Protein chains: 2
Amino acid sequence: MTTIHDVARHAGVSAATVSRVLNGHRTVDETLAGRVRAAATELGYSPNILARNLRKSQTNLWAVIISDVNNPFFTSLVRGVEDVGQQAGYSVLLCNSDENPDKEASYITAVLAQQIAGVIISPSSRPDNMAQLVEGSRAVVTIDREVQEVETDAVLVDNERGAQAATAHLIEQGYSRIACITGPRKVSTATSRLRGYRQALRDAGRTFDTNLVRYSDFRETGGREAMADLLDSGARPDAVFATNNLMTVGALETLAERGLGIPDPVGVVGFDELPWAELVRPSLSTVAQPTYEVGRTAAQLLLKRLENPDERFTVITLPTTLNIRDSSRR
Amino acid sequence: MTTIHDVARHAGVSAATVSRVLNGHRTVDETLAGRVRAAATELGYSPNILARNLRKSQTNLWAVIISDVNNPFFTSLVRGVEDVGQQAGYSVLLCNSDENPDKEASYITAVLAQQIAGVIISPSSRPDNMAQLVEGSRAVVTIDREVQEVETDAVLVDNERGAQAATAHLIEQGYSRIACITGPRKVSTATSRLRGYRQALRDAGRTFDTNLVRYSDFRETGGREAMADLLDSGARPDAVFATNNLMTVGALETLAERGLGIPDPVGVVGFDELPWAELVRPSLSTVAQPTYEVGRTAAQLLLKRLENPDERFTVITLPTTLNIRDSSRR
DNA sequence: CTGTTAGCGCGTTCAT
DNA sequence: ATGAACGCGCTAACAG
């Protein structure tokens, strides 16, 4: 392994000068700099990242803490992050919190111990985790979900408006008893989307009926059970708006089991795109999020924050798109 | 930040002793060890991983280099790796080579520079990348695809037998002109699965017709185009076996566009499970791989290799399962 | 069994 | 503008 000293000796300068050249400090004479660069390539020198990390008390790593790697929403997002990070010389650590605040907490501890340069997180329901992360980390960008208690840069999507559009569309198609399966009460995406649903009902002069609302867990099983409960409870829904992709899948499964047709007698719109929404029969209407863009944007915010730690926080809200397909069209 | 010296002073011992206690070297007197542990917790000491990394010339990181983060096959696998790695104190870096050997090469360089402890890789078609990785890295486990030129621990699935079962099933359902859409000629999964297809035809006394075979790229678009080409070429397939999930999706899209019914007039079986194969209509027959298990097993092999670098290489082949659903049953 | 000593390779003072 | 010297925090070799 060739070190900075080998290069220095070979170029006839000091190690300090080599370091300066290699880090682009422009206070070095051009001829010397040339000699250093020549020596470096000749010896096949590449810097020891571990030594640099220790010296700077910082890695060139980013962490992305998400709640489910198997959810295509997150993988596409991770890819956006990775493309930007890679470009800027960062590697991306993937942390899968599994919607479990304890697992999240343990990842946060690990991230702090590793002296990760920047963190992108879709926070779980426990605000003190976030507080600890923000406290101990130099750069944090929140994605997907808002956390009231802690201020950070953030990239969100317009959940309320998306949910409203979805619900309004169901109303406009003539559905009258529209149910909503939403996520945990403490997760902002669940409440925003529920708010949008409620707003659409209000706009149409409908009453908001809590019998038609279920709080679930953003998972497939949860969606399945919520749908079953809606059907069994006497609420008699003729349409359902599910506030994430996995719960939509669960709801579809229940409807299929019960032999209920889609879009008649029951219409369905989901939040989040499914990867092969066109292949599902009937094809599935969804509120699509710009997932890759969310990742890219978050990564760009992270880069900015690392360059300029004292700037004011930025919150970017990206729009959703309503994709009307067969499951809600009658 | 409290260091090992602070703890040493507080416990009235030397820094070396503290280090020994914290790393479980059992040559320390129990009373001293107790004092050290007490001092450590009292001071809220946590070791500086960056310093340890430099000293040991090794990180506590694993890298997983895969060809497509958006493919559910890989995300489930990554999760298996992560669950094991996390347990053993490793964090997992996700590297997305995108089926692009250049991207793969650049990740390999990065991995070597970072002094990553262990690497799990689904290799692209360029063997010298693998050679370089194995040369410079202390522990490498190959997954999914074989590489002839380089020997490593490996976790594979029984591709040939899986493909054979799928094809035999189509034959048994009475399909007579069974096409195969497979992957790149240089990727072992593509050739093994093609071999299984061929074997099943031979077993049934059918002739192998190259007009019914297409080499594609394991992607959705590739599958779509290959299917279109099969239909347009005059090969008149009445069934198709596609050798990965994304190409299966592509093939289904083409069939839908052309208004061709499934399973009649065209039967379909895919390799790899689709996340919501049951929701696709008609539901999709597949050869399922134990993806999570592949990840777990690879991670366990990696742990073993790190503990015992000089053992002989292990190659584990896991079985597949044929899930017969509606797309191939007539 | 424990303490002393000596780096790991780098970036950054502080002199010159 | 350049070099000498120092230390980031830890672990491993050696000595006792």
Side-chain angles (χ1 to χ4, degrees), chain A residues 1-40 43-61 89 110 112-117 136 138 306, chain B residues 1-40 43-61 89 110 112-117 136 138 306:
Chain A
M1 162 144 278
T2 82
T3 77
I4 211 172
H5 290 100
D6 301 330
V7 178
R9 203 174 318 123
H10 201 263
V13 298
S14 78
T17 301
V18 176
S19 173
R20 282 191 273 259
V21 172
L22 266 34
N23 290 291
H25 296 208
R26 309 236 19 93
T27 61
V28 182
D29 184 278
E30 240 333 296
T31 43
L32 275 198
R35 254 162 54 202
V36 167
R37 274 187 283 267
L43 297 179
Y45 168 78
S46 74
N48 184 321
I49 295 180
L50 270 34
R52 174 182 291 170
N53 286 348
L54 173 59
R55 183 57 236 241
K56 310 201 350 178
S57 301
Q58 173 162 341
T59 60
N60 62 337
L61 260 35
L112 297 184
Q114 298 263 4
Q115 313 203 40
I116 298 291
R138 27 205 113 204
L306 288 168
Chain B
M1 160 140 283
T2 82
T3 77
I4 210 172
H5 290 100
D6 302 330
V7 178
R9 203 175 317 123
H10 201 263
V13 297
S14 77
T17 301
V18 176
S19 173
R20 283 192 273 257
V21 172
L22 267 35
N23 291 292
H25 297 209
R26 304 228 35 84
T27 61
V28 183
D29 184 277
E30 241 332 296
T31 43
L32 277 197
R35 254 159 59 201
V36 167
R37 274 188 281 268
L43 297 178
Y45 170 78
S46 75
N48 184 324
I49 295 180
L50 271 35
R52 174 183 294 168
N53 287 348
L54 173 58
R55 183 57 236 246
K56 312 202 349 178
S57 299
Q58 171 159 342
T59 60
N60 62 338
L61 260 35
L112 298 183
Q114 298 264 2
Q115 313 201 42
I116 298 291
R138 31 204 112 203
L306 288 167

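In this text the structure is predicted, and so the values were computed from the model without any measurement.
DNA chain D is contacted by both B:Ile4 and A:Thr17; A:Thr17 maps to the nucleotide lying nearer its 5′ end (nearest heavy atom per residue).
If you measure from atom CD of A:Gln58 to atom C1' of C:dG11, you get 14 Å, rounded to the nearest angstrom. Rounded to a whole Å, the CD atom of B:Glu30 is 13 Å from the C1' atom of C:dC1. Between A:Lys56 atom NZ and D:dG9 atom P there is a gap of 16 Å when expressed in whole angstrom units. Going from atom CZ of B:Arg52 over to atom C1' of D:dC10 covers 8 Å, rounded to whole Å. Here the C1' atom of nucleotide D:dC10 and the CG atom of B:Leu54 are 8 Å apart, to the nearest Å. Going from atom CD of B:Gln115 over to atom P of C:dC8 covers 14 Å, rounded to whole Å. B:Asp6 places its CG atom 13 Å from the C1' atom of D:dC10, with the value rounded to the nearest Å. When the C1' atom of D:dG3 is taken as reference, atom CZ of A:Arg35 falls 14 Å away, rounded to whole Å.
Here the straight-line distance linking atom CG of A:Asn48 with atom CE of A:Met1 works out to 5.5 Å at 0.5 Å rounding. For the atom pair B:His5 NE2 and B:Ser14 OG, the distance stands at 8.5 Å (nearest 0.5 Å). With rounding to the nearest 0.5 Å, the separation of CG in A:Leu61 from CD1 in A:Ile116 is 4.5 Å. Interatomic distance, CG of A:Asn53 versus CG of B:Leu54, reported as 9.0 Å (0.5 Å rounding). Taking CD1 of B:Ile49 as the reference point, atom OG1 of A:Thr59 lies at 10.0 Å (rounded to 0.5 Å).
For the helix from C:dC1-D:dG16 to C:dT16-D:dA1, the end axes, each set by the C1' atoms of five terminal pairs, are bent relative to each other by 40° (nearest 10°).
For C:dG9, neither phosphate oxygen OP1 nor OP2 lies less than 4.0 angstrom from any side-chain nitrogen or oxygen of A:Thr3. Of the side-chain N and O atoms in A:Asn23, one or more sit less than 4.0 angstrom from OP1 or OP2 of C:dG11.
Of the candidates A:Val36, A:Val13, A:Leu32, A:Val28, A:Arg20 forms a side-chain contact (heavy atoms from CB on, under 4.5 Å) with just one, namely A:Val28.
A:Ser19 comes within 4.0 angstrom of a nucleotide base, judged by non-hydrogen atoms across all strands. Among the protein residues, A:Leu32 comes within range of the sugar-phosphate backbone only, with heavy atoms under 4.0 Å from sugar or phosphate atoms but none that close to a base. A:Asn53 comes within contact range of no nucleotide atom at all, as no heavy-atom separation falls under 4.0 Å.
For A:Arg55, whose side chain is taken as the heavy atoms from C-beta onward, the closest listed nucleotide among D:dC8, D:dC10, C:dC8 is D:dC8. Comparing atom distances between the B:His5 side chain and each of C:dG3, C:dT12, D:dC10 picks out D:dC10 as nearest. Closest contact between the side chain of A:Ala51 and the listed nucleotides C:dC10, C:dG11, D:dA1 involves C:dC10. Comparing D:dA12, D:dA1, C:dC10 against the side chain of B:His25 picks out D:dA12 as the nearest. You'll find that the side chain of A:Tyr45 is closest to C:dC10, out of C:dC10, C:dT4, D:dC8. Comparing C:dG11, D:dT2, C:dG9 against the side chain of A:Met1 picks out C:dG9 as the nearest.
Counting distance only, with no hydrogens placed and no angle test, the side-chain atoms of B:Arg20 and the base atoms of C:dG3 include a donor-acceptor pair under 3.5 Å.
By the salt bridge (charged side-chain N to carboxylate O under 4.0 Å, His left out) test, A:Arg138 is found to be paired with no residue, residues two or more places apart in sequence or in another chain being considered. In this structure B:Thr3 satisfies the side chain to side chain donor-acceptor pair (under 3.5 Å) test with no other residue, sequence neighbours excluded.
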